[in-house]
Amino acid sequence: MIRAVVFDVGECLVDETREYGTWADWLGVPRHTFHAMFGAVIAQGRDYRETFQEFRPGFDLYEQREARARAGQPEHFGESDLYADVRPALNQLRADGLWLGIAGNQTVRAGRILRELFSDDVDLIGTSDDWGASKPDPLFFERVAEAVPFENSEILYVGDRVDNDLRPAVAAGMETALVHRGPWATIQWNTEEAEKLPTFRVESLSELSGQIIEFNARGR
């Protein structure tokens, strides 16, 4: 049975359109051009951070985050950047009696923002910077497993990426859900792995409650 649901952050809970737009502005690149290159890098199976190298070789994302903060333009997301289904889905899953968590590749600053937004809604908020491990490193999912008070097989990890989310979560013995939004899921959605690997494929997080109830009923 699924007893816990743990969510990725970017393009799962948070629509990152505005944030990547501000990176284009910081680089002095037209947003349309930046987004096109971003999609091309993903489609080629490369790390998304290579997008920045295409426009500025030697670009260090962590250093530039600090530079943006010093310039009064720190990374930021808020309630208006959450996908519309996030709050209703969390409320329903909580009403269903499930243990909830948020865990993704995020900075310390992003972790603080997540705690401001979700501390009253979930049981766990963990980030790669907190844990010293980033997806798809298996250590990240070991950290998730250590924090969740259930067996790995009772955890559903929800994300938008086959490579970073589903593949390593399945390797860790977890159930998975792929949500169809954002650049990664859009590009990967019709691949064989995206069709066969996840326990659930959903267009909206609001579908999770019914899917989990049905899944658990089959296991009884």
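From a predicted model like this one, the values you see are computed outputs, not experimental measurements.
- Between Tyr83 atom OH and Leu13 atom CG the span is 10.0 Å, to the nearest 0.5 Å.
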Item checked: Leu208 and Val202: CA distance, side-chain angles, deciding distance, side chain to side chain contact (heavy atoms under 4.5 Å, CB included) verdict -> CA-CA 7 Å; Leu208 289 173; Val202 298; 4.2 Å; yes

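- Taking 4.5 Å as the limit, some side-chain heavy atom of Arg167 sits within range of a side-chain heavy atom of Val162.
- Linking ILVMFWY side-chain heavy atoms closer than 4.5 Å, directly or via other members, places Tyr48 and Phe55 in a single hydrophobic cluster.
- Distance check, rounded to the nearest 0.5 Å: CG of Leu166 to CG of Leu197 gives 5.0 Å.
- Summarising the geometry, atom OG1 belonging to Thr51 is positioned 7.5 Å from atom CE belonging to Met37; distances are rounded to the nearest 0.5 Å.
- Scanning all heavy atoms of the two residues, the minimum distance from Asn152 to Ala145 falls at OD1-CB, 3.2 Å.
- Heavy atoms from other residues, nucleotides or ligands lying under 6.0 Å from CD of Gln44 number more than 12.
- Taking each heavy atom of Gly104 and Asp8 in turn, the nearest pair found is CA-OD1, 4.0 Å.
- For the pair Ser206 and Ala89, the tightest heavy-atom approach, listed with the atom from each and the gap, is N-CB, 4.1 Å.
- Looking only at distances, a side-chain donor or acceptor of Gln53 sits under 3.5 Å from a matching main-chain atom of Phe59.
- Note that SG of Cys12 and CG of Leu82 are 11.0 Å apart. Values are rounded to the nearest 0.5 Å.
- At least one donor-acceptor pair under 3.5 Å links the side chain of Ser128 to the backbone N or O of Gln106.
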Check: Does the salt bridge (Lys or Arg N to Asp or Glu O under 4.0 Å) test come out yes or no for Asp130 and Arg143, once each step is laid out?
Finding: CA-CA 10 Å; Asp130 294 334; Arg143 296 284 188 260; over 6 Å; no

Next item on the list: Take Glu116 and Arg112 through the test salt bridge (Lys or Arg N to Asp or Glu O under 4.0 Å) and record every step on the way to the result.
Entry: CA-CA 6 Å; Glu116 291 171 2; Arg112 289 196 295 267; over 6 Å; no

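- If you check the side chains of Arg68 and Thr22, you find a donor sitting under 3.5 Å from an acceptor.
- Residue Phe150 is not grouped with residue Phe7 when hydrophobic side chains (ILVMFWY) are merged at heavy-atom distances under 4.5 angstrom, including chains of intermediate members.
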Notebook entry, point to check: Are Asp165 and Lys135 close enough, and set up right, to give a side chain to side chain contact (heavy atoms under 4.5 Å, CB included), and what steps lead you there?
Noted result: CA-CA 7 Å; Asp165 301 326; Lys135 296 182 295 182; 2.6 Å; yes

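- Using a distance-only test at 3.5 Å, with no hydrogens or angles considered, no donor-acceptor pair links the side chain of Arg3 to the main chain of Glu154.
- Side chains of Thr107 and Glu75: a donor on one and an acceptor on the other come within 3.5 Å.
- The closest side-chain heavy-atom distance from Tyr62 to Asp129 is below 4.5 Å.
- Few gaps surround CD on Glu195; more than 12 heavy atoms of other groups in view lie less than 6.0 Å from it.
- Ile102 is not listed as a side-chain neighbour of Arg115, based on a closest heavy-atom distance of 4.5 Å or more.
- The one candidate from Leu156, Val144, Ile2, Val6 that meets the side-chain contact (heavy atoms from CB on, under 4.5 Å) condition with Met174 is Val144.
- For the atom pair CG of Leu90 and CG of Leu98, the computed distance is 11.0 Å after rounding to the nearest 0.5 Å.
- Environment of CZ in Arg49: sparse, with no more than 12 heavy atoms of neighbouring residues, nucleotides or ligands closer than 6.0 Å.
- A donor-acceptor contact closer than 3.5 angstrom links the side chains of Asp15 and Thr17.
- Side-chain atoms of Asp123 come within 3.5 Å of backbone N or O of Leu100 as a donor-acceptor pair.
- Checked against the 6.0 Å centroid criterion, the rings of Tyr20 and Trp26 do not qualify as a close aromatic pair.
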Margin query: Before you tell me yes or no, could you show the steps for Arg87 and Phe118 under side chain to side chain contact (heavy atoms under 4.5 Å, CB included), namely the whole-Å CA-CA distance, both residues' side-chain angles and the distance that decides it to 0.1 Å?
Written below: CA-CA 9 Å; Arg87 294 293 184 192; Phe118 293 110; 3.4 Å; yes

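- In terms of heavy atoms, Pro198 sits closest to Glu193 at CD-O, 3.7 Å.
- Here the side chains of Asp96 and Ile212 are not in contact, with every heavy-atom distance at 4.5 Å or above.
- Checked by atom type and distance alone, the side chain of Asp85 pairs as donor or acceptor with a backbone atom of Leu205 at under 3.5 Å.
- Shown here for Val179 and Ala185, the closest heavy-atom pair between the two residues is O-CB, 3.3 Å.
- Residues Leu93 and Ile125 fall within the same hydrophobic cluster, defined by Ile, Leu, Val, Met, Phe, Trp and Tyr side chains chained together at heavy-atom separations under 4.5 Å.
- There is no side-chain donor-acceptor pair under 3.5 Å between Gln64 and Asp60.
- Counting only heavy atoms from C-beta outward, the side chains of Phe140 and Pro168 never approach each other to under 4.5 Å.
- Once rounded to the nearest 0.5 Å, the distance linking CH2 of Trp99 with CD1 of Ile155 reads 8.0 Å.
- Between Val108 and Thr127 there is no side-chain heavy-atom pair separated by less than 4.5 Å.
- Trp189 and His180 have parallel rings, their planes meeting at less than 30° on a 0 to 90° scale where 60° marks the start of perpendicular.
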Margin query: With side chain to side chain contact (heavy atoms under 4.5 Å, CB included) as the criterion, how do Phe77 and Leu117 come out once you've worked through the C-alpha distance, each side chain's angles and the decisive distance to 0.1 Å?
Written below: CA-CA 10 Å; Phe77 55 89; Leu117 289 170; 3.9 Å; yes

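- The shortest distance between side-chain heavy atoms of Trp131 and Leu139 does not fall below 4.5 Å.
- Aromatic pair Trp23/Phe52: ring centres closer than 6.0 Å.
- Glu66 places no side-chain N or O within 3.5 Å of a backbone atom of Glu63 that could act as its donor or acceptor partner.
- Leu124 and Tyr157 fall within a single hydrophobic cluster, where Ile, Leu, Val, Met, Phe, Trp and Tyr are joined by side-chain heavy atoms under 4.5 Å apart, directly or via other members.
- The backbone N or O of Gly78 sits less than 3.5 Å from a side-chain atom of Asp81, completing a donor-acceptor pair.
- Heavy atoms only, all atoms of each residue included: Leu27 and Phe34 are closest at CD1-CE1, 3.7 Å.
- Using a 4.5 Å cut-off on side-chain heavy atoms (C-beta onward), Asp163 and Gln188 make contact.
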